Amino acid sequence: MAGAELVELAKRRGFFFGANGAYGGTAGFYTFGPQGAALKRNLEDAWRDRFTLQEGNREIEAPTVMPEAVFEASGHLEGFDDLLVECGECGESHRADHLVEDATGIEDAEALPGEEVEELIREHDVACPSCGSPLAGRDVEDFNLMFATDIGPGDGQPGYLRPETAQGIFVEFPRLKEYARGSLPFGITQIGPAYRNEISPRGGLLRLREFTQAELEQFIDPEADEPPLERVEDVEVRLYPATAQDEEDGEYLDTTVGEAVSEGVIGSPWVGYYLGVAQEWYERVGVDTDRFRFRQHLAGERAHYAADCWDAESEVDGDWIEIAGFAYRGDYDLSKHDAYGDDSFTVFKRYDEPKTVERATVDPDMSVLGPEFGGDAAAVAEALETLAGRDPDAFEDETVTVEVGEGDERETHEIDADVANFSIEAVTENGEHITPHVVEPSFGVGRTVQTLLAHAYETDEVDGEERTYLSLAPEIAPRDAAVFPLVTNDEPLTDLAGRVAADLREAGLAVAYDDSGSIGRRYRRQDEVGTPFCVTVDRDGIEGDGPETVTVRERDSAAQARVPVADLADELAALRTGGTFDDLIDRYGAVETDVETTTEN
RNA sequence: GCACCGUUGGUCCAGUGGUAGGACAUUAGCUUCCCAAGCUAAUAGCCCGGGUUCAAUUCCCGGACGGUGCACCA
């Protein structure tokens with residue numbers, strides 16, 4: 001349990017803190033300090049490496065402000081809109097639309113305007129579910145979780161800050177499919193901020209009004225495309241299926257991705273594939289697998305379009321928090337934009353062999369229909385065409401009967417079959433337009449940062465003194481290394497230390513230089529921000545005829561190796577990308593120290 | 001958004017109707033050849049607005065922010 005201590009450390013050492021403190025602070029907004037910003041960037045780079053580069057996907061960057069029409073199509077305008085009513089007696093807030101639905105049997109009261117819901121509450125004498133007092137006469141407040149703004153001067157055009165990064169990908173699909181040369185499957189990623197005007201932001205980075213998402217939209221042909229499941233079939237995962245959650249003493253299912261998919265625990269192979277990829281990635285960036293699981297959504301919490309949905313959850317401070325979601329979204333998103341937007345959100349799927357199909361067509365003689373039906377002629381022609389597709393037999397008689405117009409205007413007409421020019425043609429079809437399905441792994445970056453810090457937070461004793469350190473993965477740690485002169489009143493040491501730091505920076509490493517206070521203090525400073533390696537320049541390294549050497553200290557064990565200055569940059573780079581410190585000691589030799597670490601827990 | 005509690009140097013806390021003190025941290029110097037040592041000095045604070053009062057960091061009201069519970073979390 002390190003909650004309060006971690007928050008204090010995050011503030012003191014520059015990981016993150018509440019934003020706009022000089023103006024009283026703003027709930028739901030956090031600033032990442034120097035350490036936190038570096039950590040977050042490293043995490044995003046690791047995500048980009050795995051989910052964009054390794055998968056052969058492509059990353060885009062769409063605007064954060066989008067026009068209202070986008071969210072009409074996506075459903076956010078309605079779905080993100082809550083109608084709240086507050087009880088005057090006990091002060092409880094309730095979803096007004098839900099209360100009305102329960103009282104009246106109306107479905108989808110959410111879509112009704114606030115005044116109408118107020119009216120319905122009055123008519124049906126809806127009472128507060130908490131205390132039973134009547135709610136009639138109370139204001140129904142309209143609360144939309146999206147931040148609204150105006151695009152352009154004056155009244156402009158209404159726009160919203162995107163509540164998820166995904167829409168930026170879906171909206172641009174017509175062009176993105178061109179870049180994929182019209183072929184499925186392909187994946188588009190995006191890392192960026194999203195905004196939700198949360199009623200009550202809480203818990204540090206856990207529920208913010210501005211937060212960073214890393215999302216992949218994998219577009220597939222549901223009938224043809226299969227994921228490379230063999231790559232992750234042996235990956236071990238801890239699953240928490242819906243059935244287990246329903247049981248009193250439901251247990252985790254420790255299995256492999258391959259098993260879970262073949263046994264149908266995970267419904268979609270694509271979702272299974274990405275759970276496996278994610279599991280490996282989470283281990284790589286330093287999530288404690290004992291405090292990690294994939295939890296299946298219960299039927300009730302699943303969005304209506306999602307056939308199967310799993311969350312990655314991590315345990316932070318005793319609570320399980322959602323850090324990623326994996327949803328099979330079907331064709332929901334693209335179909336909606338196809339219907340609402342101007343462009344085509346389908347791809348052309350070529351058949352293996354062109355198909356020849358017989359198609360009934362008509363070619364009405366408009367020089368007859370025009371004089372006869374006047375303004376209705378076009379409608380009649382269209383009706384004939386529809387009829388030909390539906391019931392070709394109707395054209396076998398001498399006359400054909402069609403209906404045109406709506407409601408009271410509806411009229412029945414009889415037309416000579418000759419005029420319709422009915423025929424059955426053989427048509428060659430090379431393929432069809434299909435709406436791709438979408439598999440969406442969606443990661444919360446801030447929540448992952450919080451998880452990594454919580455899981456990396458350790459205390460032990462070094463030389464009998466208590467120590468706090470962050471056991472961050474070298475790839476993720478804000479800094480790659482720190483460089484110190486062992487003592488500060490020895491000019492050759494400070495000179496070399498300064499030179500070493502400059503060389504390492506030139507080699508592309510993020511390096512801190514520190515010559516303030518005792519050596520132990522400097523080690524502890526770096527331990528607390530998770531710097532994996534500390535380079536110390538000492539007398540032994542510059543005396544004698546051999547090449548200059550320095551000691552490299554590993555954070556968690558406090559063990560040291562003596563490494564030539566000339567090799568240092570390469571060795572540190574290797575350690576960052578998966579090299580082990582034991583290997584370094586094997587090759588260069590350890591430095592004997594009396595320092596001992598204990599690990600509590 | 002409601003209820004309760006809280007807000008004092010960078011951090012964690014003490015305290016007061018007459019504007020504040022500690023610890024740690026930080027900075028400078030000395031010391032120091034491997035793990036928050038020591039010595040000297042320095043920097044730095046009462047969340048914001050209104051009210052009561054001769055006087056408010058302190059009391060009262062409101063707000064902001066934070067914690068907890070409820071509600072909310074497509």
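Reckoned from all heavy atoms, side chains included, excluding hydrogens, waters and symmetry mates. Keep in mind that this is a model prediction, so the values were computed, not measured. Below, chain A is the first sequence line, B the second, and so on; all start at residue 1.
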Chemist: Provide, to the nearest angstrom, the distance between the CZ atom belonging to A/Arg13 and the P atom belonging to B/C24.
Modeler: 15 Å
Chemist: Taking all heavy atoms of A/Val171 and all of A/Met66, pick out the closest pair and write down the distance.
Modeler: CG2-CE, 3.9 Å
Chemist: Scan nucleotides 6-12 of chain B nucleotide by nucleotide, 5' to 3', and note B when protein non-hydrogen atoms come under 4.0 Å of the base, S if they reach only the sugar-phosphate, - if neither.
Modeler: -----SS
Chemist: How close or far is atom C1' of B/C34 from atom CZ of A/Phe533, stated in whole angstroms?
Modeler: 18 Å
Chemist: What is the distance, rounded to the nearest whole Å, between atom CD1 of A/Ile199 and atom P of B/C73?
Modeler: 7 Å
Chemist: Of the options B/A37, B/C72, B/C34, whose atoms approach the side-chain atoms of A/Gln560 most closely?
Modeler: B/C34
Chemist: Looking only at heavy atoms, which two atoms of A/Val591 and A/Ala561 are closest? And how far apart?
Modeler: CG2-C, 3.8 Å
Chemist: Return the 5'-most residue of the pair A/Tyr523, A/Pro201 with respect to RNA chain B, ranking by each residue's nearest nucleotide.
Modeler: A/Tyr523
Chemist: Could you go through nucleotides 28-31 of chain B and list every protein N or O atom that sits under 3.5 Å from one of its N or O atoms, giving the distance for each pair?
Modeler:
none

Chemist: Roughly how many Å is it from CD in A/Glu528 to P in B/A25, rounded to a whole number?
Modeler: 10 Å
Chemist: Looking across every strand, which nucleic acid part, if any, lies under 4.0 Å from A/Gly325 by heavy atom: base, sugar-phosphate, or nothing?
Modeler: nothing
Chemist: With rounding to the nearest 0.5 angstrom, report the NE2 to CG distance, A/His76 to A/Leu145.
Modeler: 10.0 Å
Chemist: Specify the separation, in whole Å, of atom CG of A/Asp514 and atom C1' of B/A36.
Modeler: 12 Å
Chemist: Looking for any heavy atom pair under 4.0 Å, which part of the strands does A/Asp490 touch: base, sugar-phosphate only, or nothing?
Modeler: base
Chemist: Determine whether any donor atom in the side chain of A/Thr551 lies under 3.5 Å from an acceptor atom in the base of B/C34, or the reverse, and answer yes or no.
Modeler: yes
Chemist: Please round to the nearest 0.5 Å and tell me the distance separating atom CD of A/Gln218 and atom CZ of A/Arg329.
Modeler: 14.0 Å
Chemist: For the pair made of CZ in A/Arg207 and C1' in B/C72, what is the distance, rounded to whole Å?
Modeler: 7 Å
Chemist: In whole Å, measure the gap between the C1' atoms of B/A42 and B/A25 for me.
Modeler: 14 Å
Chemist: Return the nearest nucleotide to the side chain of A/Ser200; candidates are B/C35, B/C34, B/G1.
Modeler: B/G1
Chemist: Counting only side-chain nitrogens and oxygens, does A/Thr593 get under 4.0 Å of the OP1 or OP2 atom of B/C34?
Modeler: no
Chemist: Would you say the side chain of A/Phe345 lies within less than 4.5 Å of the side chain of A/Thr435, judging by non-hydrogen atoms?
Modeler: no
Chemist: In the structure I gave you, are the side-chain heavy atoms of A/Tyr282 and A/His455 within less than 4.5 Å of one another anywhere?
Modeler: no
Chemist: I want to verify a distance call: between B/C34, B/A36, B/G67, whose nearest atom is closest to the A/Leu486 side chain?
Modeler: B/C34
Chemist: In whole Å, what separates the C1' atom of B/A55 from that of B/G66?
Modeler: 31 Å
Chemist: Please figure out whether A/Gly203 or A/Val550 has its closest RNA chain B nucleotide nearer the 5' end.
Modeler: A/Val550
Chemist: When you check the gap from the basic side-chain N to the acidic O, do A/Asp527 and A/Arg555 get nearer than 4.0 Å?
Modeler: no
Chemist: Quick one: A/Asp538 CG to B/U32 P, roughly how many Å, whole number?
Modeler: 17 Å
Chemist: Would you measure the distance from the C1' atom in B/U7 across to the matching atom in B/G49 and give it in whole Å?
Modeler: 16 Å
Chemist: Quick check on the 6.0 Å ring-centre criterion: do A/Phe326 and A/Phe443 meet it?
Modeler: yes
Chemist: Could one point to a donor on the side chain of A/Tyr23 or the base of B/C48 with an acceptor on the other under 3.5 Å away?
Modeler: no
Chemist: Only Watson-Crick and G-U wobble pairs with both distances less than 3.5 Å should count. Give RNA chain B in dot-bracket notation, marking inter-strand partners with |.
Modeler: (((((((..((((....[..)))).(((((.......)))))....(((((..]....))))))))))))....
Chemist: Could you note down all residue pairs passing salt bridge (charged side-chain N to carboxylate O under 4.0 Å, His left out) where residues 13-37 of chain A supplies at least one of them, sequence neighbours left out?
Modeler: A/Arg13-A/Glu528
Chemist: Which whole number of Å gives the distance between the C1' atom of B/C73 and that of B/C13?
Modeler: 36 Å
Chemist: Is the distance between the ring centroids of A/Phe17 and A/Phe15 under 6.0 Å?
Modeler: no
Chemist: Per the atom types in the model, does the base of B/C35 pair as donor or acceptor with the side chain of A/Arg521 at under 3.5 Å?
Modeler: no
Chemist: I need the CZ-P distance between A/Arg524 and B/A37, as an integer number of Å.
Modeler: 9 Å
Chemist: Only one of A/Trp310, A/Tyr240, A/Trp320 forms a side-chain contact (heavy atoms from CB on, under 4.5 Å) with A/Arg295, so which one is it?
Modeler: A/Tyr240
Chemist: Answer with base, sugar-phosphate or nothing: what part of the nucleic acid does A/Arg553 contact at a heavy-atom distance below 4.0 Å?
Modeler: base
Chemist: With sequence neighbours excluded, what pairs up with A/Thr494 under the side-chain hydrogen bond (donor to acceptor under 3.5 Å, both in side chains) test?
Modeler: none
Chemist: If you measure from the P atom in B/U8 to the same atom in B/A3, how many Å do you get, rounded?
Modeler: 23 Å
Chemist: Could you report the tightest heavy-atom contact between A/Glu571 and A/Val563, atom names first, then the distance?
Modeler: CG-CG1, 4.3 Å
Chemist: Where the side chain of A/Ala27 is concerned, which of B/C34, B/C65, B/A71 is the nearest nucleotide?
Modeler: B/C65
Chemist: Rounded at 0.5 Å granularity, tell me how far NZ in A/Lys40 sits from OG1 in A/Thr212.
Modeler: 3.0 Å
Chemist: Step by step, would you call A/Asp308 with A/Ser268 a side chain to side chain donor-acceptor pair (under 3.5 Å)?
Modeler: CA-CA 7 Å; A/Asp308 194 10; A/Ser268 155; over 6 Å; no
Chemist: Where along residues 68-76 of chain A does a heavy atom fall under 4.0 Å from RNA chain B?
Modeler: A/His76
Chemist: Should the pair A/Asp503-A/Arg499 be classified as a salt bridge under the 4.0 Å nitrogen-to-oxygen rule?
Modeler: no
Chemist: Quantified in whole Å, what is the P atom distance between nucleotide B/U27 and nucleotide B/A14?
Modeler: 27 Å
Chemist: With rounding to the closest Å, how many angstrom separate the P atoms on B/G9 and B/G15?
Modeler: 15 Å
Chemist: When you compare B/U16 with B/A56, how far apart are their C1' atoms, in angstrom units rounded to a whole number?
Modeler: 11 Å
Chemist: Atom CG in A/Asp490, atom CD1 in A/Ile542: separation rounded to 0.5 Å?
Modeler: 6.0 Å
